[in-house]
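Have a look at the structure below before the remarks.
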Amino acid sequence: MSYSLETIRHSAAHLMAAAVQELFPDAKFDIGPSTDDGFYYDFDMTHRLTPDDLKVIEKAMQKLCNQKLPFVQSELSRTEAQTLLSSKNQTYKLERLADIADGSKITFYQCGNFSDLCRGPHVEHTGQIGAFKLLSIAGSYFRGNEQNPMLQRIYGTAFASKEELHNYLQQIEEAKKRDHRKLGKELDLFSFSENVGPGLVLWHPKGAFIRNTFESFWREEHYKNGYDMLYTPHIGRSDLWQTSGHLDFYKDAMYSPMNIDETDYFVKPMNCPFHIEIYKSNLRSYRELPLRWAELGTVYRYEKSGVLHGLLRVRGFTQDDAHIICTPEQIEDEIAEVLRFSLSVWHAFGFTDIKPYLATRPEKAVGEPERWEKALVSLERAVEKCGLKCEVDEGGGAFYGPKIDLKVKDAIGREWQTSTIQFDFNLPERFDMTYIGEDGKKHRPFMVHRALFGSIERFFGILVEHYAGAFPLWLAPVQGRVMPITERQHEFAREVYAELRAKGLRVELDDRSASVGGKIKDARNDRIPYMLIIGEREVETRTVAVRNRNEGQVGEMSLTEVAEKMRFEVDNKTC
RNA sequence: GCCAAUGUAGCUCAGUCGGUAGAGCAAUUCACUCGUAAUGAAUAGGUCAACGGUUCGAUUCCGUUCAUUGGCUCCA
C-alpha cells in the first residue's frame, strides 16, 4: 500500500510530536499539518528549542519509526474529547476542538503514547514514513494572529523514499548556491550599509549596469507598445495622500513627513496620485483615450523590520509602474494587450512557464457591481486570448478592484509572483477623474495599475537566482576577458582588447602575471561568458583561443569571428 | 513588529573556561613567463557590531541598542 505525500508528511508531523512529548513532557500541542514541501508542528513549552534539539528529536523519531507503531483511530464524543484534552491541559487543542462544527465526527489518532485530535488520514504504522528530516525552528503565532501568543514551530520534510528526500535536500542546496544575496556579494552587484539603513539598496557598478540595461529594454518595449513615459517627484503634500486615502490606510507604513513652509510632505509610497494629477492637468476627451503612462518610479515604504529580505523585500524600491486610463469600451482590448505584453517581456528573459491568477471581488469593496463584472469579464477574456488558463482566487481582489497576478517559474522550478494587473475603482472616484464622451457629457474612466516586474529590485534578485549569476550576454556587465598567457603576448592582447572594445563589446584585459589556469578559474568565478586566451600561436595567426562559459573550448577564432558570434548572442538575447 | 539564532580582517571562518586575536582566499610588492579550474615568497590588513554594567582587567560574562539570518504577521 502506498500513501500520498500528504499522508506521509502528516504522519511524520505526528511522529515528531510523539518524540517531542517524550522529550519535553510539559509540551502543549497546537497543530501539525503537511505543507507543499514538508510539514511542521507548533508547540508551546518552557524549553526553548535549539538546533541541537532537532538532532535529538530526529533520533527519537527514528526509534519510534523502527518500532512500527500503529496509528490507531478512535471516535469520541465532544464531552469525551473535552475531558481527555482537559486532563492533559492541552489548551490549544481545546480551542481547536471548539472549532469543529457540531455534528462532525471527532476523531483521535493514537501513535505510541501520543494521542492527537486529528481528522487523519495517516499511514498504518510509523515504519511506513519513508524518510524524514527536521529542517528548522521558527516562531509562529497561534492561529496566525499576532495578538495571540507565539508558539515554537519545527519544520521538517518527509518523502516516501530516502532517494526523494536526498533529491529535495539537493534542491535546497542548489537554491542556496543561487541565493542572490550570496551572489550579489561574490559578483559585486549590490550591497546594503548599516550607515544608510535597512532595506535601502546600494547598486554597485556591475549591478547598476545590468539594471540600466534591462531598464533601457523596458523603456524601448514600452514605447514600442504605445506607452508614454512620465517622471514624477519623490514627495508630495499631505493633502494629496489624504485624497488618495493613503494617510487613512497606510500611514504607519509611510516614512514620516517633513515639514516645509508649514506643510507636511510625505515621501511617496506609490506613483498613482502623481499620474492622476497629470491626467487632471487638462480637460480630457474620449478621443485621447486610452492613455498608457509608465514610469520607473522609486517609492519608499516603511516595511516592518522582520520582513526585509535581500532585494526581494526592501524599503526603497522602484516600481515599473504604469497606469492605463481608458473608456469602458476599450478596457477589454487594453487588458488583453497588457497581458500579451507582459508575457513577451518575460519570454525575453527566458521565463516561459507563466501562470495567471485571477482575484475576484472581496466582501468589502468599492465600485459599482456592473463595473466589477465588466472588469472581471475583460480579465477572463484576456487570459483566454493569450491561450492561458488561470486559477481563480475567489474574493482575493483588493477592495478597490479585481486583478490578475502572474506567477513565473524560474530555471530551477521555483514560482515567483511578479506581474500584476489591477483595476482601480477607488482612485478615479476619490480624485474625481473624468473625460468628456462623444455625448459631450462627463464620464468616469476605467483605471488600471500594472507592473510587469513588480519592483526593479525584486526582479533583479529573481534574475540573479534564475541565471545563477551567469547573466546572458546582452545583460552581462563583462562579456569577455582577454587573457594573455605570458608578457610576450601583452602587446597583441592590448590590441585585441582595444579592437573588441571599439566594436562595442564589453571586454576586460587580465594582464596579471598569473597562470592560465588561475586566470580561467577567476574568470569562471566571475561568470565571464567569453574567455579569450592568447598565447604564441594566437599572436602568430592573429586569432584568439575562445573558451565559452557554456560550451567550454570552442577553438581559435579571428577577432571578426568572435565579435560576430558575440554580437549574434547579444542581438538574440540568448539566455 | 513578534519568536529564535547570529555578528571576529574586504570575503569564508578558527579562537579566547576573562589577561586586547589567527588561518585560507582577496589586496600590495617582488620573483616567475607559464597553453585551459589555484606559481612561489614577502608585506600590509582588526575599537573582535555599538553603547553601558560587573571586574584589577571584557572581544570573551551580563544588559541595552543596531544589523543580519530562519520563520510568523504584513505586503496599497
Side-chain angles (χ1 to χ4, degrees), chain A residues 35 40 42-44 48-53 135-155 176 179 181-182 185-186 188 191-199 241 244-254 268-273 299 301-310 312-315 317 319 321 398-401 403 417 420 422 424 426-427 449 451 454-455 458 483-490 511-525 531-538 545-548 552-556:
Chain A
T35 63
Y40 66 81
D42 286 346
F43 312 99
D44 191 8
R48 295 283 102 186
L49 289 164
T50 69
D52 289 338
D53 292 328
L135 299 171
S136 62
I137 302 158
S140 79
Y141 298 109
F142 177 54
R143 291 183 192 280
N145 184 330
E146 60 182 326
Q147 310 303 326
N148 287 339
M150 186 149 265
L151 308 176
Q152 299 190 75
R153 174 174 294 182
I154 301 178
Y155 280 98
K176 267 191 202 160
D179 191 312
R181 293 167 299 183
K182 180 172 170 280
K185 198 176 268 175
E186 282 174 16
D188 198 15
S191 67
F192 294 90
S193 161
E194 277 198 39
N195 297 326
V196 177
W241 307 109
S244 71
H246 286 94
L247 282 180
D248 289 339
F249 292 110
Y250 303 112
K251 188 158 195 251
D252 289 348
M254 287 168 72
K268 67 176 168 183
M270 283 206 106
N271 304 300
C272 335
V299 300
R301 296 179 186 177
Y302 178 74
E303 302 285 2
K304 287 181 181 174
S305 59
V307 306
L308 300 175
H309 180 96
L312 302 182
R313 192 82 182 268
V314 290
R315 284 185 174 161
F317 57 99
Q319 295 181 310
D321 210 356
F399 75 91
Y400 53 78
K403 62 171 179 175
Q417 206 217 290
T420 183
Q422 308 187 348
D424 192 330
N426 184 42
L427 292 181
H449 310 263
S455 98
R458 185 178 147 80
M483 310 192 314
I485 291 172
T486 75
E487 264 170 33
R488 288 193 296 278
Q489 292 89 41
H490 278 195
D511 57 4
R512 297 173 303 164
S513 72
S515 68
V516 204
K519 289 183 182 183
I520 288 173
K521 186 211 64 165
D522 289 343
R524 287 181 59 99
N525 282 343
M531 298 173 221
L532 309 171
I533 297 158
I534 297 172
E536 272 175 41
R537 286 201 298 274
E538 286 75 22
V546 177
R547 188 190 170 105
N548 181 285
Q553 291 188 56
V554 294
E556 291 178 20

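Reminder, nothing fancy here: chain letters follow the sequence lines and each chain counts from 1.
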When all nucleic acid strands are considered with a 4.0 Å heavy-atom cut-off, which category describes A/G518: base, sugar-phosphate, or nothing? sugar-phosphate
Select base, sugar-phosphate, or nothing to describe what A/R488 touches, counting heavy atoms under 4.0 Å on all strands. sugar-phosphate
Go along nucleotides 67-76 of chain B 5' to 3' and tag each nucleotide: B for a protein heavy atom under 4.0 Å from its base, S when only backbone or sugar atoms are that close, - otherwise. SSSBBBBBBB
Can you tell me how far [atom2] of [N] sits from [atom1] of [X], to the nearest Å?
X      : N      : atom1 : atom2 : result
A/E487 : B/rC30 : CD    : C1'   : 13 Å
A/E186 : B/rA26 : CD    : C1'   : 13 Å
A/D522 : B/rA38 : CG    : P     : 10 Å
A/Q147 : B/rC3  : CD    : C1'   : 15 Å
A/D44  : B/rA4  : CG    : C1'   : 14 Å

Distance criterion of 3.5 Å, no angle test: do you see the side chain of A/T486 paired donor-to-acceptor with the base of B/rC34? no
Answer yes or no: side-chain N or O of A/R547 and base N or O of B/rU36 forming a donor-acceptor pair under 3.5 Å. yes
Tell me every residue that passes salt bridge (charged side-chain N to carboxylate O under 4.0 Å, His left out) with A/K185, counting only those two or more places apart in sequence or in another chain. none
Excluding sequence neighbours, so at least two apart, what forms salt bridge (charged side-chain N to carboxylate O under 4.0 Å, His left out) with A/E487? none
Given pairs defined as Watson-Crick or G-U wobble with both distances under 3.5 Å, what dot-bracket annotation applies to RNA chain B, with ( ) intrastrand, [ ] crossing, | other strand and . unpaired? (((((((..((((.....[..)))).(((((.......))))).....(((((..]....))))))))))))....
Mind checking whether A/F249 and A/F399 have ring centres under 6.0 Å apart? yes
Does A/E186 pair with A/R181 as a salt bridge, N-O distance under 4.0 Å? no
With sequence neighbours excluded, tell me which residues meet side chain to side chain contact (heavy atoms under 4.5 Å, CB included) with A/N145. A/Q147, A/N148
Under the side chain to side chain contact (heavy atoms under 4.5 Å, CB included) test, residues paired with A/S455 that sit two or more places apart: A/F317, A/E457, A/R458
Heavy-atom nearest nucleotide on RNA chain B taken for A/G535 and for A/L151; more 5' hit belongs to A/L151
